[in-house]
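Inspection log for the structure reproduced underneath, given as structure tokens.
If you read the sequence from its start, that first residue is 1, and numbering goes on from there. Order of listing sets the numbers, starting from 1, for every ligand and every atom in it.
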Amino acid sequence: PPPSIGKRWIRPDSATPSEWEAPSFAFAFDIDGVLLHERAPLPGAAQTLALLDYYHIPFILLTNGGGKFEADRVAELNEKLGSNMTTDNFCQSHTPFQELLPEYRDKTILVTGSDYEKCREIMEGYGFRSVVTPGDIFRAAPEVFPFDTVRGGEVGRELPKPLWKPRERKGLRGDDEAGGKTVLMGGKKGGEGEEGEGEEKRLEDHLKIDAMFVLNDPRDWALDVQVFMDLLQSKQGYVGTYSEENNRGNWQGDGQPKLFFSNSDLIWAAKYHLPRFGQGAFQHALVGIWKEVTEGKKELVRTSFGKPHRETYEYAEEMLVRHRGEWLKMKGYGEEDIRGGLKRVYMVGDNPESDIAGANDYDGKGRYGTEWVSLLVETGVFDAARMNFKDGDVRRADVVEKDVADAVKWALRNEG
Ligand code: G3P
Ligand code: MG
């Protein structure tokens with residue numbers, strides 16, 4: 001068995017009820033740069049989770065990673081780390097997207113990430129009923145993107161509705177035909193698109209996107225940026241239109257789709273010895289292009305989930321409180337032992353901008369009033385030279401330790 005770590009944490013199975021009490025604290029672990037480098041477990045990671053399991057100390061994994069079903073990622077982590085986690089103690093970047101279901105379940109949304117089809121399946125698995133990818137749009141109209149894509153042509157499903165195409169090119173402004181009113185096709189027999197001569201071409205019969213979601217690090221940035229920017233400048237999200245409002249400087253003022261990112265990580269710790277760009281870099285590419293398109297007149301309106309954002313920590317705290325109760329009951333604790341509630345969460349992370357800032361900002365402000373102690377490890381993106389934050393800076397960790405094992409030892413000593 002692991003080394004004894006003090007009287008109060010003797011193995012509950014062997015102890016009599018008077019000798020032990022349910023831990024009133026728990027851990028939230030970041031993954032990349034704390035437990036893994038990509039798929040490779042970091043030294044001490046598996047043993048640390050085993051130690052917490054042995055002493056019945058609850059924990060969750062709280063990652064800005066994504067792109068897989070929660071159940072699949074948990075199975076992969078259990079296999080790599082020898083742990084026995086479930087989706088009850090696993091929160092990844094887009095897990096909280098499920099909270100947007102009431103608003104978008106029956107609308108059409110666009111998704112992107114490392115694999116278009118996997119991202120579509122994940123969102124359909126959450127319950128979104130009409131999910132489209134940039135690959136679907138490229139398949140329906142390759143002229144949308146005049147270059148080869150990373151994936152080549154074999155992408156995408158048939159679109160739920162046809163794309164709007166102006167009958168003929170009037171410069172780049174097809175908007176007078178897309179003015180939202182019905183327009184007569186007239187002109188050539190069987191004009192462009194699906195209607196014949198003289199039939200009305202109704203904008204609402206065409207593909208409209210109501211929201212756009214980035215689930216994890218996109219691969220086909222060029223195609224994704226083109227499609228996202230088209231939609232941000234469209235008339236009410238109708239693909240292929242351009243809104244007149246833009247010319248009046250009212251950017252994103254014509255019912256264009258809302259834009260959601262699952263995290264804003266500019267960098268993360270992979271196997272390479274230097275930090276790699278994350279989804280935040282894609283977000284900044286869009287922000288930079290939007291600045292050019294709007295001639296600096298309009299900040300890109302968007303919503304980011306993931307650490308350090310408060311909604312993510314609210315979701316994580318709720319998950320921890322629920323998981324702690326269920327898990328301790330499963331370990332044989334009675335209701336009376338668990339009643340003390342969760343008082344403190346030790347957030348172990350490698351990124352001051354996300355893990356540390358989020359924990360510090362949330363400390364004491366949650367629904368359960370839990371104290372969040374931020375522990376920064378040196379096995380990820382942290383660089384003491386560049387990230388030497390002053391007291392009071394939300395990115396300054398409460399504690400800095402070499403690795404996850406030392407961070408947990410510090411916390412257990414702190415619990416006495
Ligand atoms: O894509 C993964 C990266 O954003 C960081 O993930 O586990 O360090 O929050 P994590
Ligand atoms: Mg990390």
Side-chain angles (χ1 to χ4, degrees), residues 27-42 44-45 48-49 59-70 72-74 76-77 80-81 83 85 89-97 112-115 118-119 122 213-219 221 260-285 304-309 311-313 315-316 319 346-362 372 374-383 387 395 397 400-404 407:
F27 288 85
F29 291 107
D30 172 42
I31 296 179
D32 292 300
V34 173
L35 299 173
L36 298 177
H37 277 165
E38 294 180 53
R39 288 179 169 72
L42 285 170
T48 300
L49 298 185
F59 64 85
I60 61 167
L61 297 195
L62 179 59
T63 176
N64 275 354
K68 290 188 174 124
F69 287 106
E70 280 77 9
D72 293 346
R73 187 78 207 275
V74 163
E76 195 182 280
L77 290 162
K80 297 234 169 307
L81 295 164
S83 47
M85 290 176 290
N89 62 328
F90 175 75
C91 178
Q92 65 181 347
S93 58
H94 47 74
T95 306
F97 277 174
T112 191
S114 54
D115 181 301
K118 180 61 81 179
C119 289
I122 290 166
F213 292 86
V214 184
L215 272 76
N216 69 325
D217 312 277
R219 298 304 191 263
W221 279 33
F260 297 99
F261 294 95
S262 73
N263 81 61
S264 303
D265 285 356
L266 183 64
I267 55 173
W268 64 294
K271 267 193 229 157
Y272 191 60
H273 62 283
L274 297 173
R276 301 296 76 194
F277 277 141
Q279 188 184 143
F282 174 73
Q283 182 176 154
H284 284 288
S304 187
F305 283 68
K307 301 169 286 184
H309 302 285
E311 295 80 1
T312 299
Y313 284 79
Y315 195 94
M319 178 179 266
Y346 293 97
M347 173 82 225
V348 184
D350 73 301
N351 190 337
E353 301 287 344
S354 57
D355 310 312
I356 304 305
N360 291 342
D361 176 58
Y362 194 68
W372 284 66
S374 56
L375 294 106
L376 178 62
V377 295
E378 298 174 326
T379 49
V381 300
F382 176 57
D383 168 353
M387 300 173 180
R395 297 166 297 177
V400 179
E401 288 290 344
K402 175 167 65 63
D403 58 23
V404 64

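Under the 6.0 Å cut-off for aromatic ring centres, Phe305 and Phe97 qualify, their centroids lying closer than that.
No salt bridge links Arg73 with Glu70; every basic N to acidic carboxylate O contact stays at or beyond 4.0 Å.
Taking a cut-off of under 4.0 Å to the non-hydrogen atoms of Gly65, the atoms of ligand 1 that pass are 1 (O), 2 (C), 6 (O). Proximity to Asp265 (heavy-atom distance under 4.0 Å) selects the following atoms of ligand 1: 3 (C), 4 (O), 5 (C). Using a 4.0 Å cut-off to heavy atoms of Ile31, the atoms of ligand 1 that qualify are 7 (O).
The aromatic rings of Phe213 and Phe260 lie parallel to each other, with less than 30° between the two planes, well short of the 60° mark.
Smallest separation of non-hydrogen atoms from Val381 and Met387: O-CE, 3.4 Å. Shortest non-hydrogen contact noted between Glu38 and Tyr272 is OE2-N, 4.5 Å.
For a distance bound of 2.8 Å, the N, O or S atoms of Asp355 include none lying that close to the Mg ion (ligand 2).
Taking the N/O/S atoms of Asp32 in turn, the shortest distance to the Mg ion (ligand 2) belongs to O. Nearest N/O/S atom of Asp350 relative to the Mg ion (ligand 2): this is OD1. In terms of distance to the Mg ion (ligand 2), the nearest N, O or S atom of Asp30 is named OD2.
Not a single heavy atom of Gln279 sits under 4.0 Å from any atom of ligand 1.
The closest non-hydrogen atom to atom 1 (O) of ligand 1, taken over Ile267, Val381, Asp217, Leu61, comes from Asp217.
Within the 4.0 Å heavy-atom criterion, both parts of Asp32, backbone and side chain, lie near ligand 1. Residue-level proximity to ligand 1 for Asn263 is carried by the side chain, the only part with a heavy atom below 4.0 angstrom.
A side-chain contact (heavy atoms from CB on, under 4.5 Å) with Phe27 holds for exactly one of Val348, Leu62, Thr48; it is Val348. With Lys307 as the partner, the salt bridge (charged side-chain N to carboxylate O under 4.0 Å, His left out) test is satisfied by one option alone out of Asp350, Asp361, Asp355: Asp355.
Considering only non-hydrogen protein atoms, atom 7 (O) of ligand 1 sits nearest to Thr63 OG1, 2.6 Å. Remark: minimum distance from atom 8 (O) of ligand 1 to any protein heavy atom is reached at Asp30 OD1, 2.8 Å.
A donor-acceptor pair under 3.5 Å is formed between the side chain of Asp115 and the backbone N or O of Lys118.
Residue Asn64 has at least one nitrogen or oxygen atom sitting less than 3.5 Å from a nitrogen or oxygen atom of ligand 1, judged on distance alone.
Between Phe29 and Ile60 there is no side-chain heavy-atom pair separated by less than 4.5 Å.
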